[in-house]
Amino acid sequence: MPELPEVEVTRRKLSPVLVGRTITSVETTRKSYFFITPPQQLKQRLLDRRVEALDRVGKYLLARLDDESTLLLHLGMTGQLFAAGALSPRLLLAKGKRALTPEVARTFSPDAHTHLILGFREAGPLIYFRDVRKFGKVEWAAPGSEFTRVKKLGPDALAATGVQLFEAAQARSTPVKSLLLDQGVLAGVGNIYADEALFLAKVRVDRRANRVTRAECDAIVRAAQKVMRRSIVTGGSSISDYVQPDGTDGGYQNERRVYARTGEPCKTCRTPIERLVIAQRSSHFCPRCQK
DNA sequence: CTGTCCCTGATT
DNA sequence: AATCAGGGACAG
């Protein structure tokens with residue numbers, strides 16, 4: 001699912017085809033809670049706006065527009081952003097949940113799950129936002145006004161420090177895994193990278209946050225940054241629906257050590273990886289390597 | 001703080 | 001036909 005690395009890969013690949021172009025067409029599906037800003041209003045706000053920059057904060061993408069307003073995009077669980085031509089007569093979904101092959105992506109055509117399509121004045125591909133489960137978000141904010149959901153975020157996980165995690169941990173007796181998933185603590189960490197970071201830091205997912213030492217907090221944040229930086233290089237994790245904007249899979253799913261490896265041998269000690277449900281999320285860990 | 005809900009496709 | 005997966009807002 002899209003977490004910080006996947007959103008960052010998306011940002012990097014989308015920026016060159018989005019920034020500097022002027023929006024001249026906006027197509028949407030019907031009003032739904034996917035559109036925090038209703039489609040009708042969205043069209044009105046976006047039309048004739050030039051995109052000045054594409055930023056990322058946590059798992060949010062923020063497109064800065066030339067009238068100082070901002071378009072927020074969140075990929076939720078199954079969100080996919082594509083940059084592609086609009087030539088294909090039909091959408092060819094590859095088998096199962098594997099999303100789109102590169103050939104298909106280059107000639108992407110919308111299906112019922114494609115909720116937003118942006119067209120531009122300048123030459124180049126269209127932008128497609130597809131999201132099967134509609135846990136993603138599209139929201140527009142007027143110049144000077146901030147997004148409530150963005151304001152609530154803690155430091156971006158790539159810039160955070162062990163001290164910040166340690167301080168947040170003191171007040172909590174919840175499992176450290178829950179703490180890592182809290183976007184108000186470290187923005188951008190999700191289920192995959194929380195498990196991977198805790199494995200590298202050798203801390204069990206169910207350890208109470210206030211029982212995690214200062215040194216371990218340092219190790220956890222360093223580990224999170226290490227796995228996320230590596231994931232960005234490989235194009236992110238294509239475990240459920242995530243694909244890069246050109247339709248190709250990322251590569252980090254092949255490097256994960258614990259996530260969705262229940263019962264498989266630990267890469268370090270061969271002990272079977274175990275699974276626990278914490279905060280309604282599956283959590284994976286090595287019972288021997290992690291204390 | 002925990003539980004519920006949104007949604008749809010895959011799995012049981 | 002019922003259950004599961006899960007990010008995040010919200011209610012309790």
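From a predicted model like this one, the values you see are computed outputs, not experimental measurements.
Using a 4.0 Å heavy-atom criterion, one finds that A:Thr174 contacts the sugar-phosphate atoms exclusively. Across all strands, A:Ser282 comes closer than 4.0 Å only to sugar-phosphate atoms, never to a base (heavy-atom distances). At a threshold of 4.0 angstrom between heavy atoms, the contacts of A:Tyr259 are confined to the sugar-phosphate backbone, with no base atom among them. When heavy atoms are screened at a 4.0 angstrom cut-off, A:Asp131 is found touching no nucleic acid atom at all. Across all strands shown, A:Arg275 has heavy atoms under 4.0 Å from sugar-phosphate atoms exclusively, and none from any base. When heavy atoms are screened at a 4.0 angstrom cut-off, A:Lys137 is found touching no nucleic acid atom at all.
What separates CD1 of A:Ile278 from P of C:dG7 is a distance of 14 Å, to the nearest Å. As rounded to whole Å, 14 Å separates atom C1' of C:dG7 from atom CG of A:Leu4. At whole-Å resolution of the value, OH in A:Tyr33 and P in C:dG8 are 13 Å apart. Atoms CD (A:Gln170) and P (B:dC1) sit 13 Å apart, rounded to a whole Å. Whole-Å rounding puts the A:Asp111 CG to B:dT8 C1' distance at 12 Å. Atom pair A:Glu139:CD and C:dG8:P shows a separation of 14 Å (rounding to whole Å applied). Atom-to-atom, CZ of A:Phe147 to P of C:dG7 comes out at 21 Å; the value is rounded to the nearest Å. Computed from coordinates, the A:Asn191 CG to C:dA5 C1' distance equals 10 Å when rounded to whole Å.
Residue A:His113 places no side-chain N or O under 4.0 Å from the OP1 or OP2 atom of B:dT8. Considering only side-chain N and O atoms, A:Arg281 lies nowhere under 4.0 angstrom from the phosphate OP1 or OP2 of C:dA5. Between A:Gln280 and B:dG3 there is a side-chain polar atom (N or O) within less than 4.0 angstrom of OP1 or OP2.
No donor-acceptor contact under 3.5 Å links the side chain of A:Arg149 to the base of C:dA9.
At least one side-chain heavy atom of A:Asp195 sits under 4.5 Å from a side-chain heavy atom of A:Lys177. A:Arg121 is listed as a side-chain neighbour of A:Asp48, based on a closest heavy-atom distance under 4.5 Å.
At least one donor-acceptor pair closer than 3.5 Å links the side chain of A:Gln164 to the backbone N or O of A:Thr161. In this structure, A:Arg222 contributes its side chain and A:Lys226 its backbone to no donor-acceptor pair below 3.5 Å.
A:Leu276 and A:Ile273 fall within the same hydrophobic cluster, defined by Ile, Leu, Val, Met, Phe, Trp and Tyr side-chain heavy atoms under 4.5 Å apart, directly or through other members.
With no hydrogens or angles considered, no side-chain donor-acceptor pair links A:Asp131 and A:His115 at under 3.5 Å.
Of the residues near DNA chain C, A:Lys152 and A:Glu3, the one whose nearest nucleotide (by heavy atom distance) lies more toward the 5' end is A:Glu3. In this structure, A:Lys134 and A:Pro175 both approach DNA chain B, and ranking their closest nucleotides by distance from the 5' end singles out A:Pro175.
Ring-base stacking between A:Phe135 and B:dC6 is satisfied, the centre separation being under 5.5 Å and the plane angle under 30°.
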